[in-house]
Amino acid sequence: MSLILDLRSPEALRPGIARAAAILRQGGLVAFPTETVYGLAAHALNAEAVRRIYQAKGRPATNPVIVHVAERDQVRELVTDWPASAERLAKQFWPGPLTLVLPRQSTIPDLVTAGGPLVAVRIPAHPVALALLRETNLPLAGPSANRSNRLSPTTAEHVRRDLEGRIDLILDAGPTPGGLESTVLDLSGPPRLLRPGLLSVATLEAVIGPIACEVTLEPMQAMPSPGMLRQHYAPRTPLEVVAHGEAVELTPSTGLLTFPGDRMEEVPEGVIVRRMPEDPAEYAQRFYATLHELDDQGLTRLVVVMPPEGEEWRAVRDRLRRAAAR
Ligand code: TXA
Ligand code: MG
């Protein structure tokens with residue numbers, strides 16, 4: 001059994017954080033809220049603890065994990081290079097949903113970087129995540145707290161259903177405000193997008209100039225970031241995406257995510273409709289939660305109307321293409 005602590009009352013916060021920190025210092029696993037999705041934390045410099053993350057998630061050892069810290073000073077102990085672009089982005093967007101990939105220090109266990117020369121780091125903006133990082137005073141490895149290739153969790157209940165009994169503690173702070181993962185940016189050379197996320201490329205480009213975005217969904221010979229794996233972030237129910245305005249035959253036992261103006265107002269009986277918001281941030285916030293909810297209903301298929309093309313929809317469209325890939 002995994003213990004769940006609800007931290008949503010002022011009295012619960014301090015003892016909850018203290019308990020989580022004790023578990024992490026001893027090499028245990030704690031699921032914690034961030035402003036994006038729930039993460040699964042372990043002491044990042046303890047190889048045995050990090051190995052437990054891979055075990056609990058069923059994650060292939062070829063997929064590196066993000067290291068979370070509370071302060072920018074701590075990043076210097078993790079990386080060997082800190083380019084001006086990193087300084088500018090960190091100043092502007094940390095704490096926040098931006099992960100920077102840089103050359104690693106040799107003190108970081110190989111498992112964290114999947115044996116590669118680069119490490120991914122970020123300072124999360126959620127008060128509980130920051131409290132935990134400060135209390136432990138440790139860098140914390142933290143992939144999303146889901147079984148490998150499954151939907152990311154945006155509530156403690158999502159975490160429990162995926163990882164119950166496989167981890168030591170779940171810190172519940174309610175639904176995560178962002179709902180979608182951080183943007184992952186490789187700064188080891190010319191800036192390169194590895195995974196679109198909550199912070200848009202346009203927002204980042206306004207600070208550091210052009211970013212290469214040739215993210216491809218085709219199988220790659222050398223995989224720079226497994227977040228680029230074709231199938232990833234998928235519900236158990238088969239998911240199809242349809243273009244805005246595209247005709248689709250809706251059969252009973254279908255879950256449908258509509259997009260405003262898609263002419264899917266009338267649907268046959270047995271189709272469960274979730275009307276998604278037109279605002280990209282609101283859409284992101286509800287995205288995984290809606291997929292989780294429909295996925296739990298034992299439906300035959302899920303149909304999602306793709307939001308329009310455009311920079312502000314890049315991350316959602318990316319996740320939908322991956323969720324639909326089989
Ligand atoms: O919002 C987020 O980023 C959440 C919260 C918990 O911080 N974390 C998260 O972690 O989404 P995860 O492991 O589910 O996804 C991390 C992504 C993966 O695509 C991984 O391949 C990539 O970052 N990544 C991690 N370390 C890397 C590295 N050293 N080089 C390249 N890509 C890396
Ligand atoms: Mg993940």
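Numbering starts at 1 and runs along the sequence shown. Counting starts at 1 for both ligands and their atoms, following the listed order.
- Counting only distance, with no hydrogens or angles, the side chain of T99 and the backbone of S182 share no donor-acceptor pair below 3.5 Å.
- Every atom of ligand 1 with a heavy atom of R59 under 4.0 Å away is listed here by number and element: 13 (O).
- Only the side chain of R122 comes within 4.0 Å of ligand 1, counting heavy atoms alone; its backbone N, CA, C and O stay farther away.
- A donor-acceptor pair is defined here as one N or O able to donate and one able to accept, closer than 3.5 Å; such a pair exists between the side chain of Q105 and the backbone of V79.
- Inclusion of H68 in the set of residues having an N or O under 3.5 Å from an N or O of ligand 1 is warranted.
- Under a 4.0 Å criterion applied to the non-hydrogen atoms of V119, ligand 1 contributes the atoms 29 (N).
- In the vicinity of A120, heavy-atom distances shorter than 4.0 Å reach the ligand 1 atoms 25 (C), 26 (N), 27 (C), 29 (N).
- Each of V69, T34, V101, V75 was evaluated against R122; a single residue qualifies, T34, per the side chain to side chain contact (heavy atoms under 4.5 Å, CB included) test.
- Listed by number with element, the atoms of ligand 1 under 4.0 angstrom from any heavy atom of S182 are 1 (O), 2 (C), 3 (O).
- Counting heavy atoms closer than 4.0 Å to ligand 1, residue H126 contributes nothing at all.
- Contact check for I53 versus P143: side-chain heavy atoms found under the 4.5 Å cut-off.
- Near V65, with a cut-off below 4.0 Å to any heavy atom, the atoms of ligand 1 are 25 (C), 26 (N).
- Within the set L198, N63, I66, V184, the minimum heavy-atom distance to atom 20 (C) of ligand 1 is found for N63.
- H158 has its ring centre no less than 6.0 Å from the ring centre of Y288.
- Remark: among candidates V101, I53, D186, the nearest residue to atom 30 (N) of ligand 1 is V101, based on non-hydrogen atoms.
- With ligand atoms numbered from 1 in the order given, ligand 1 contributes 31 (C), 32 (N) to contacts under 4.0 Å with heavy atoms of L194.
- Residue T36 approaches ligand 1 through these ligand atoms, each under 4.0 Å from one of its heavy atoms: 1 (O), 2 (C), 4 (C), 5 (C).
- Using a 4.0 Å cut-off to heavy atoms of L118, the atoms of ligand 1 that qualify are 29 (N).
- The stretch residues 80-101 participates, sequence neighbours left out, in these salt bridge (charged side-chain N to carboxylate O under 4.0 Å, His left out) pairs: R72-E87.
- Side-chain contact between T183 and F93 is absent, with no heavy-atom pair separated by less than 4.5 Å.
- Within a 6.0 Å sphere centred on CZ of R14, heavy atoms belonging to other residues, nucleotides or ligands number 12 at most.
- Look at N146 and the Mg ion (ligand 2): no N/O/S atom of the residue is under 2.8 Å from the metal.
- Contact of the L294 side chain with the P235 side chain is not registered, since no non-hydrogen atoms from C-beta on lie closer than 4.5 Å.
- In terms of the side-chain hydrogen bond (donor to acceptor under 3.5 Å, both in side chains) criterion, S85 has no residue partners (sequence neighbours excluded).
- Heavy atoms of G142 approach ligand 1 to within less than 4.0 angstrom.
- Counting heavy atoms closer than 4.0 Å to ligand 1, residue R195 contributes side-chain atoms (C-beta onward) but none from N, CA, C or O.
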